[in-house]
Amino acid sequence: MPLELFNTLSGKVEPVYASDGANVRMYCCGPTVYDYGHIGNFRTFLHVDALRRVLAMLGHSVRHVMNVTDVDDKIIRNAGAAGQPIDVYTKKFTDAFFEDSDALGVERPEAIAMATENIDGMVALIERLAAQDIAYKAEGGSWYFRIAKFPEYGKLSKKDFEGIEDGARVDVDEYDKDAARDFALWKATRPGETGWDTPLGAGRPGWHIECSAMAMKYLGDSFDLHAGGEDLMFPHHENEIAQSESATHQPFARHWFHVRFLLVEGRKMSKSDGNFYTLRDLLLKGYRASAIRFLLLSVPYRHQLNFTFDGLTESTNAIDRLRTFHTRVRDGKWAEGTDPALALAIHEGDLAYTHALCSDLNTAEARAAIFDVLRAVNTAADKGTLLRAEAEATLTLLAKFDSVFAVLEDRDAELTRAALAWAQREDREADASLVATLSLSDEDIDKLVAARTLAKKQRNFAKADALRQELLDKGIVLEDSKDGVRWKRK
RNA sequence: GCACCGAUGGCGAAGUGGCUAACGCGCUGGUCUGCAAAACCAGUAUUCAUGGGUUCAAAUCCCAUUCGGUGCUCCA
């Protein structure tokens with residue numbers, strides 16, 4: 001079954017495939033490392049992660065490249081304010097970005113392209129454009145792209161620039177450009193700023209040329225898919241197309257994948273509204289990394305997602321149910337045999353799951369298919385009719401589910417501990433009850449649980465209940481089953 | 001202002017012309033349990049923002065209105 005995705009360029013849902021017959025070559029615009037990533041950033045990276053994981057699930061080999069923008073105006077400004085060289089400043093946030101990505105289960109792309117390590121390629125591309133008189137140097141020493149030379153400009157964002165008067169909205173300061181919409185390829189260095197001495201003159205690359213140069217370096221002039229947040233469609237991606245296709249006279253990326261923005265508690269996320277959250281903020285409030293991943297992934301990428309704390313609680317509970325179920329099927333003792341009706345239900349769940357993901361990455365429907373199977377198998381297990389064959393089929397399906405959603409393995413306590421350690425180093429506040437819960441080690445908990453089990457055996461229920469309450473107060477929930485006592489952190 | 005997208009139960013959300021409107025969370029009752037928890041069972045929208053229209057048939061198509069969001073400028 002092919003994966004079909006909406007293509008912004010064509011406006012249609014189309015199959016994704018490897019045009020070179022070997023790898024699906026995809027490029028995703030990565031972070032600009034001037035601050036910690038927020039959950040809006042990660043929504044995009046999480047859906048690109050789901051995309052690459054679905055491709056892998058379907059048997060494709062993927063070559064995924066992501067850039068890191070480690071030089072731009074904001075970085076230069078912030079590094080200057082912090083009194084740091086830009087490479088020191090950006091390293092901190094680059095490292096933080098990958099730590100956060102790991103915490104959220106985002107797989108590493110096959111290649112990470114750092115802007116500052118690819119200046120040569122950008123200069124070469126600009127020179128190639130200059131040879132065709134598409135790039136030109138303006139009075140201040142900066143280079144611009146001559147949009148008039150690319151008649152298809154606007155084909156991605158479906159903008160019609162006919163009738164837009166040149167100069168109609170031009171800033172007074174920008175008289176050195178030939179036309180108002182012409183965008184910067186190379187920005188001349190101003191005194192005291194970071195720059196590179198190149199045949200173009202001293203300066204630094206514009207943001208758009210970075211992605212064009214690096215995508216083509218790693219993936220070739222023409223490749224399969226280009227991804228990013230919806231805001232990048234214009235002007236960033238439009239400009240990438242203009243630059244690349246002007247240079248190569250070939251289609252740049254065939255398929256364009258754009259992830260919509262999220263809202264937080266029904267409002268646009270913004271620092272001034274106080275609803276701006278980084279991953280670290282949420283971990284320190286006591287929310288789990290897995291719940292954040294699951295919530296951000298549960299709403300399909302083409303829909304706006306309203307991120308709420310209630311939603312996070314919902315996701316936490318849903319994951320608990322999935323994990324409990326997984327453990328139950330994996331660790332239970334199931335008699336030999338098979339039950340055709342249940343086998344069929346699992347098979348149909350598998351088909352529905354795969355079909356949903358292939359249908360424009362419908363993660364909500366895929367999730368629903370798994371819960372249908374969960375209920376059917378739990379019912380059978382309760383009735384004593386779950387047999388070995390179906391238990392194994394269920395585990396296989398769960399593994400397939402987790403190859404995309406990646407929430408079954410519980411790394412949450414460990415990740416939250418890491419966030420707490422970071423908060424301590426950086427002198428940031430963390431939720432007090434969270435600190436208390438995590439201060440209790442697994443060994444301490446096991447001891448208390450054992451004491452309670454002993455009290456229970458002696459039918460000293462008052463003492464047993466007191467111990468259970470003590471654990472609950474510290475965020476530990478107990479579950480008694482025939483196979484013994486399980487505990488988990490709330 | 002111009003352009004585009006969305007509005008489905010208490011909450012999140014699937015479904016884009018045709019069976020009783022998925023699924024998750026929550027809530028209520030039951031089973032199980034020393035009591036809980038977990039799990040299961042039953043119940044929880046006669047109805048899909050509002051008004052009109054097309055059709056044998058609409059949550060799904062068309063028009064209008066209201067509300068929310070986005071782009072046009074740095075932004076995932």
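Chain letters run A, B, ... following the sequence lines, proteins first and then strands; every chain starts at 1. A quick note: this is a predicted structure, and the numbers were derived from the prediction, not measured.
Each of B:rA76, B:rG71, B:rG12 was ranked by its minimum atom distance to the side chain of A:M269; first place goes to B:rA76. The side chain of A:D480 has B:rA36 as its nearest neighbour among B:rC74, B:rA39, B:rA36.
Annotation: side-chain hydrogen bond (donor to acceptor under 3.5 Å, both in side chains) contacts of A:T94 (sequence neighbours excluded): none. When the side-chain hydrogen bond (donor to acceptor under 3.5 Å, both in side chains) test is applied to A:D281, the partners found at least two apart in sequence or on another chain are A:T278. Among residues two or more places apart in sequence or in another chain, the ring-ring contact (aromatic ring centres under 6.0 Å, His included) test is passed with A:F294 by A:F405. Applying the ring-ring contact (aromatic ring centres under 6.0 Å, His included) rule to A:F309 yields the partners A:Y277, A:Y287; only residues at least two apart in sequence or on another chain are considered.
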Do any N or O atoms of the protein come closer than 3.5 Å to N or O atoms of nucleotides 26-30 of chain B, and which pairs are they?
from, atom 1, to, atom 2, distance (Å)
B:rG26, OP1, A:N317, ND2, 3.3

Could you pull out the protein-nucleic contacts involving nucleotides 4-8 of chain B (nitrogen or oxygen on both sides, under 3.5 Å)?
from, atom 1, to, atom 2, distance (Å)
B:rC5, O2', A:R260, NH1, 2.7

Distances under 3.5 Å between protein N/O atoms and the N/O atoms of nucleotides 20-23 of chain B, please, pair by pair.
from, atom 1, to, atom 2, distance (Å)
B:rC23, OP1, A:R375, NH2, 3.4

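Separation of the P atoms belonging to B:rC23 and B:rA42 is 11 Å when rounded to the nearest angstrom.
The stretch residues 382-393 of chain A touches RNA chain B through A:D382, each having a heavy atom under 4.0 angstrom from the strand. In the region residues 326-334 of chain A, proximity to RNA chain B at under 4.0 angstrom, judged on heavy atoms, holds for A:R328. Remark: nothing in residues 95-102 of chain A comes within less than 4.0 Å of RNA chain B through any heavy atom.
Within 4.0 Å of A:P31, counting heavy atoms only, lies no atom of the nucleic acid at all.
Stacking between A:F234 and the base of B:rG71 is absent under the criterion of ring centres within 5.5 Å and planes under 30 degrees.
Remark: A:T379 is in phosphate contact with B:rC41, judged by side-chain N or O atoms under 4.0 Å from OP1 or OP2.
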May I have the list of side-chain donor-acceptor pairs in residues 464-479 of chain A shorter than 3.5 Å, sequence neighbours left out?
from, atom 1, to, atom 2, distance (Å)
A:Q469, NE2, A:D473, OD1, 2.9
A:E479, OE1, A:R486, NH2, 3.2
A:E479, OE2, A:K488, NZ, 3.2

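Under the 4.0 Å criterion applied to side-chain N and carboxylate O atoms, A:R323 and A:D402 are not assigned as salt-bridge partners.
Checked by atom type and distance alone, the side chain of A:H255 pairs as donor or acceptor with a backbone atom of A:F6 at under 3.5 Å. Although no hydrogens or angles enter the test, the distance criterion places no donor-acceptor pair under 3.5 Å between the side chain of A:N67 and the main chain of A:C211. With A:R280 contributing its side chain and A:A96 its backbone, the two residues share a donor-acceptor pair below 3.5 Å.
For A:D465 against B:rG34, a side-chain N or O and a base N or O form a donor-acceptor pair under 3.5 Å.
Remark: RNA chain B forms stems of 3 or more consecutive Watson-Crick or G-U wobble pairs, all pair distances under 3.5 Å, at B:1-7 with B:66-72, B:10-12 with B:23-25, B:26-31 with B:39-44, B:49-53 with B:61-65.
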